[in-house]
Chemist: 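Structure in C-alpha cells, see below.
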Amino acid sequence: MKILVCMSVVPDTTTKITFTDNNTKFNSQGVQFIINPYDELSLTKALEIAEQHSGTVTVVNVGLADADAVIRKALAIGANDAIRINAEPKDAQFVAEQIAAIVKANGYDLVLTGRESIDYNGGMVCSLLGALLDWPSVNVCAKMVYNDGKIEFERDIDGGRQTVVSNLPVVASAQKDLCEPRIPNMKGIMAARTKPLQVVEPAQVEVASSYEAFESPAAKQAVRMIDAENAGQLIDILKNEAKIIA
Amino acid sequence: MTGIYAENSEGQFKKAVLEAASYASQIGNGQIVAVCVGQPNAGEADKLAQYGVNKLICIEGISAFDAQVYGKEIANVLINQGVNQVVFANTYEAKSVAPRVSVIMNASMASNVIELPETSNGFKVKRGVFSGKGFAYVTLDKANKVIAITPNSTELKKQATSIQIETIQSSGSAGSTTITSTTKAGGKIPLTEAEIVVSAGRGMKGPENWGMVEELAEILGAATACSKPVSDMGWRPHGEHVGQTGITIKPNLYIAIGISGAIQHLAGVSSSKVIVAINKDPEAPFFKAADYGIVGDAFEVLPKLISAAKAAKN
C-alpha cells in the first residue's frame, strides 16, 4: 500500500493577513508557517492506514526551499519520506499537474489531500488530480476505512453525509473529524533529520491563471449597540431598517 | 457560448443554480446552455429561463453520483455544444465535478468567485482567499474558463427568455465508486446556501441548551451554525462549524450568540452582509466586527428575540 499525502504550507491560523508590493503579494514578514490543517488530518489518516496494512507514506509539497522546515515536521509526525517539487505554487491547477506527474512516475494506491488549503481556499486539487489521473475522487471525507482492497469513505454532501466505497487507486480529500492530528514526539523529530527529502524540478505546464492583486476586507462601520433589556428591538431593526429579514 | 451546470436536487434547481444562470447571462457571450443530470420536475426549467437560459440539456442514464462519471459526461455535453466558459454554483457537488470539467475542457478555473468578471483586458475574477481574510483578483489565461461562484454573493437578475429542453443519453462512462448510504438532515437549509444563519458558541454552556438557538433559527428561516470549540467538544456536528478551519459562509444575516469572535472564527463569517453579536462580555472582539451588538446573557436575550421574531412574523 503506497500512500501519497499532498501537503500545503500555509500561514498559521492566527495570522493577521496583510499584503505588500502595492497589494500584489501576501506579506509573509513575521508569519509562522504550518502544515495546512486539513493536510495534517490526511497525513495522520495515511499513517493509520499504512500501519495497519504495512504501507508507506510519502509527503509531497510544491514549494521553494523555505518549505523544508515544515516538510520536516511532516516527517517527524511519521511520514517515511518526502518529495518537494521546487517551484512557487502558482495556482491549484499548477500544483495538481505537478503532483499528477509524481503520481504517474512513482505509482500510488491512495493519494490524499486536504479539503482545501486555508490560504487560497481553492478546494480543487483533489478533483483536479482525479481528472488528470483518470482516477475516482471522493471529496470532503470525515471517515476513511481500508478493507479488502477498497476504501469506505464518509463524505459531506450538501445538507448531509454519504457513505461511498471506492476501488483503488483513488484520490480523496480530508475534512475535520477524520482523525485527531498527531503531534511529533522527540523520537520522531530525531528520525526526521535523516529521512529522505527529495527535491525535484517542476514539469513544464501551461499557465492557467495569474494572481494580479489582493485586497483586504473593507473595514466595518462602528457597531450599533442595542440594550439587552429591549433585545426584541433588534428584530424590528433587522426587519424594518436593515430589511434583512421578512 | 456560456454554459452552466444545473445541479438537480431531487428534481429542483436551488437558488444557487439560479445565481449561476444569472451570472452566466450577465457575462453573456451568446446563448446560455444549462446541463443537468436526470430530469428536473415540471416547471423547473422555466425557472432557468427566467434568468436567461436558452437551452437545458438533461443527461439520462447515470444511475448515481460519481465524480469521475459526472465530470466526463458533463464536460462531453459542454464541449459538444461549443461552450467555452462554464459557471458552477460552488456547492459540495460542484467541488467534486467542476475541477474535473476544467481538466477535460483544458480550461482555467477559479473557485469562490464573488463578483462578475472584469473583461476589458483579459478575464479577471475576484475570489475569496485566506479564509475570508482577503480577496484576490485572478486572470484566467486559457481560452476556456470554469468559474465556481460562492452562493449568495451575486445578484439574481431576471432576464427572461424561452427555453428549449433536450434529453440525451449518457455515453456510458464507468465509475469506480458505489454509494452505500445517504443521510440528509430533512428539511434543513444547507449552511453554505442559507441567507440567514443563527450561530452559537460556548456561551450556550452545553448541547442541551441548543433548543433556543434552533427555535430562533426556525422562526427566521435560518440555518444553524457553531464555533470551533463547540464542534470540537461534540456539542454540535462538525458540519456546523464555521470559521477558518470550518466552513466559510456569506449569508445576508449572521447572528452570533455567545461566540467571542476569535480571528479564526471571524475569517469564516466576515463576508456576511449584516452581523449581529450577542455576548455577555462587552470586550468580546466580535463587537468590533459586528453591525449590531447586544451585551447580555444568551439565556436572557434569546427568549426576548424569539418572542419578538414570532410577533414580527404574525
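So that the names make sense, note that chain A is the first sequence line, chain B the second, and so on, each numbered from 1.
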Chemist: Can you tell which part of A:E229 gets under 4.5 Å to a heavy atom of chain B, answering side chain, backbone, both or neither?
Modeler: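 Both backbone and side chain.
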
Chemist: Measure A:N36 against the heavy atoms of chain B and call it side chain, backbone, both or neither at under 4.5 Å.
Modeler: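 The answer is neither part of A:N36.
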
Chemist: Would you mind checking which part of A:V138 comes under 4.5 Å of any heavy atom in chain B, side chain (CB onward), backbone (N, CA, C, O), both or neither?
Modeler: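 Only the side chain of A:V138 comes within 4.5 Å of chain B.
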
Chemist: For residues 121-139 of chain B, which residue pairs qualify under salt bridge (charged side-chain N to carboxylate O under 4.0 Å, His left out), counting only residues two or more places apart or in two chains?
Modeler: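 Residue pairs with at least one partner in residues 121-139 of chain B: A:E212-B:K124, A:E215-B:K126, B:E115-B:K126.
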
Chemist: Heavy-atom distance under 4.5 Å to chain A: side chain of B:A64, backbone, both or neither?
Modeler: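 It is neither, since no heavy atom gets under 4.5 Å.
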
Chemist: Extract all donor-acceptor atom pairs below 3.5 Å that involve side chains of residues 302-310 of chain B and protein atoms in other chains or at least two apart in sequence.
Modeler:
unit_1	atom_1	unit_2	atom_2	d
B:S307	OG	B:P303	O	3.4
B:S307	OG	B:K304	O	3.2
B:K310	NZ	B:E215	OE2	3.2

Chemist: Report which part of A:V207 has an atom under 4.5 Å of a heavy atom belonging to chain B: side chain, backbone, both, or neither.
Modeler: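 For A:V207, backbone and side chain are both near chain B.
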
Chemist: Considering only heavy atoms, which portion of A:I157 lies under 4.5 Å from any heavy atom of chain B: side chain, backbone, both, or neither?
Modeler: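 Answer is both: backbone and side chain atoms of A:I157 are under 4.5 Å from chain B.
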
Chemist: Given heavy-atom pairs under 4.5 angstrom as the criterion, report whether the side chain, backbone, both or neither of B:E7 touches chain A.
Modeler: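 Side chain only.
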
Chemist: Checking heavy atoms, do the side chain of B:N252, its backbone, both or neither come under 4.5 Å from chain A?
Modeler: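 Both parts, backbone and side chain.
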
Chemist: What residues form a salt bridge (Lys or Arg N to Asp or Glu O under 4.0 Å) with B:K95, not counting sequence neighbours?
Modeler: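 Partners of B:K95 under the salt bridge (Lys or Arg N to Asp or Glu O under 4.0 Å) test: none.
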
Chemist: What part of B:D297 lies closer than 4.5 angstrom to a heavy atom of chain A: side chain, backbone, both or neither?
Modeler: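 Neither; nothing under 4.5 Å.
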
Chemist: Against chain A, label B:I179 side chain, backbone, both or neither, depending on which of its atoms sit under 4.5 Å from a heavy atom there.
Modeler: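 For B:I179, the contact with chain A is made by backbone and side chain together.
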
Chemist: Which region of A:L168, side chain (C-beta onward) or backbone (N, CA, C, O), has a non-hydrogen atom less than 4.5 Å from a non-hydrogen atom of chain B, or is it both or neither?
Modeler: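 When you check distances to chain B, no heavy atom of A:L168 falls under 4.5 Å.
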
Chemist: Which residues in residues 239-246 of chain A have any heavy atom lying under 4.5 Å from a heavy atom of chain B?
Modeler: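 Listed by number: A:K239, A:A242, A:I244, A:I245.
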
